[in-house]
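What follows is one structure encoded as structure tokens, with my remarks underneath.
Both backbone and side-chain heavy atoms feed into the values below; hydrogens, waters and symmetry mates do not. Letters A, B, ... are given to chains in the order of the sequence lines, protein chains preceding strands, and every chain is numbered from 1.
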Amino acid sequence: NAGVTQTPKFRVLKTGQSMTLLCAQDMNHEYMYWYRQDPGMGLRLIHYSVGEGTTAKGEVPDGYNVSRLKKQNFLLGLESAAPSQTSVYFCASSRTGGGYTFGSGTRLTVV
Amino acid sequence: AQSVAQPEDQVNVAEGNPLTVKCTYSVSGNPYLFWYVQYPNRGLQFLLKYITGDNLVKGSYGFEAEFNKSQTSFHLKKPSALVSDSALYFCAVRDRGSQGNLIFGKGTKLSVKP
């Protein structure tokens, strides 16, 4: 009964380093999403996927890349981290037309 | 374009009093509407949704929301607030006719004092 699992939960990066955030869902959902949450900004969509092998840009895609090689996994990559990418990142999944199930988040600090 | 407005950054309520968290929306067609709650250091949790039918929707933890098409609103309500209801609340909308993503409001912080 895991739902949506995000790893890692916390990470500190130096400017210019790269990393990958992993999101896994066990609900057989077609859609998956990556959001970032910043104070006063609410949730902003970074990238999303409507199915295995497909990805699309959201509201704030610059500096991020994603891949959906398997239906249950959605990876978010930062190739060269910047302090502006300090944020809390949330993954979510959904069925077509359904509400979202969220992971517990990854708190990323870039110094 | 779709949008969601939560006009209050923060709502303060005394325990036992009724609470309302406001949400208005703009979509080109008929909406799907959602409320989510976020407790500190946690992900968002689903509270309730309006798809069709009765304008008063009941959800988790005693919360309910009223869909008002003429005012394009979907306010979250609870008859008697608890201190444990203190959290960040997000309203979200999607145009029923599209496969688009949910659009979230910026969130309203609810603080319930004993």
Side-chain angles (χ1 to χ4, degrees), chain A residues 2-10 21 23-25 27 29-51 54-61 66 74 87-109, chain B residues 1-10 21-25 27 29-52 57 59-60 63 65 74 76 87-109:
Chain A
V4 176
T5 302
Q6 290 183 235
T7 54
K9 294 189 184 304
F10 303 93
L21 281 67
C23 177
Q25 54 98 359
M27 298 168 287
H29 284 170
E30 287 295 328
Y31 292 70
M32 297 188 74
Y33 314 84
W34 276 107
Y35 285 88
R36 59 179 289 173
Q37 183 179 25
D38 303 290
M41 303 294 287
L43 290 168
R44 292 184 292 170
L45 182 64
I46 304 170
H47 286 280
Y48 65 99
S49 168
V50 301
T54 73
T55 63
K57 294 180 179 180
E59 180 185 357
V60 289
V66 288
F74 194 31
S87 187
V88 182
Y89 292 85
F90 288 100
C91 176
S93 70
S94 74
R95 291 191 178 88
T96 304
Y100 291 9
T101 300
F102 282 86
S104 58
T106 296
R107 188 174 295 274
L108 175 65
T109 302
Chain B
Q2 302 173 77
S3 66
V4 177
Q6 293 182 240
E8 302 153 317
D9 290 336
Q10 181 156 345
V21 183
K22 295 179 180 178
C23 172
T24 58
Y25 65 90
V27 298
N30 292 315
Y32 289 132
L33 294 156
F34 301 80
W35 276 101
Y36 287 83
V37 60
Q38 184 182 30
Y39 298 101
N41 300 313
R42 304 287 294 275
L44 278 71
Q45 298 176 33
F46 171 80
L47 269 182
L48 51 80
K49 65 182 178 183
Y50 172 81
I51 302 297
T52 187
V57 179
S60 307
F63 284 92
F74 190 56
L76 182 69
L88 189 57
Y89 290 82
F90 290 94
C91 182
V93 65
R94 176 167 57 217
D95 185 337
R96 184 176 309 192
S98 79
Q99 293 300 313
N101 306 311
L102 281 180
I103 305 299
F104 286 86
K106 294 192 183 298
T108 298
K109 183 178 179 181

Side chain, backbone, both or neither of B:Leu88 within contact of chain A (heavy atoms, under 4.5 Å):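 The answer is the side chain of B:Leu88.
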Whether B:Phe104 and A:Phe102 hold their rings parallel, tilted or perpendicular, with breakpoints at 30° and 60°: perpendicular
Crowding at CZ, A:Arg44 (>12 non-hydrogen neighbours, <6.0 Å):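 Yes, because the 6.0 Å sphere around CZ of A:Arg44 holds more than 12 heavy atoms from other groups.
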Best-contacting candidate, B:Phe46, B:Phe34, B:Phe90, B:Tyr36, against chain A by heavy atom pairs under 4.5 angstrom: B:Tyr36
Which of B:Gln38, B:Arg42, B:Gln45 touches chain A most, by non-hydrogen pairs under 4.5 Å: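 Answer, by heavy-atom pair count under 4.5 Å with chain A: B:Gln38.
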Whether A:Ser49 side chain and A:Thr54 backbone form a donor-acceptor pair below 3.5 Å: yes
Under 3.5 Å side-chain donor-acceptor pair for B:Gln6 and B:Thr108: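 Indeed, the side chains of B:Gln6 and B:Thr108 share at least one donor-acceptor pair under 3.5 Å.
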Side chain / backbone / both / neither for A:Glu59 at chain B, heavy atoms under 4.5 Å: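 Neither the backbone nor the side chain of A:Glu59 comes within 4.5 Å of chain B.
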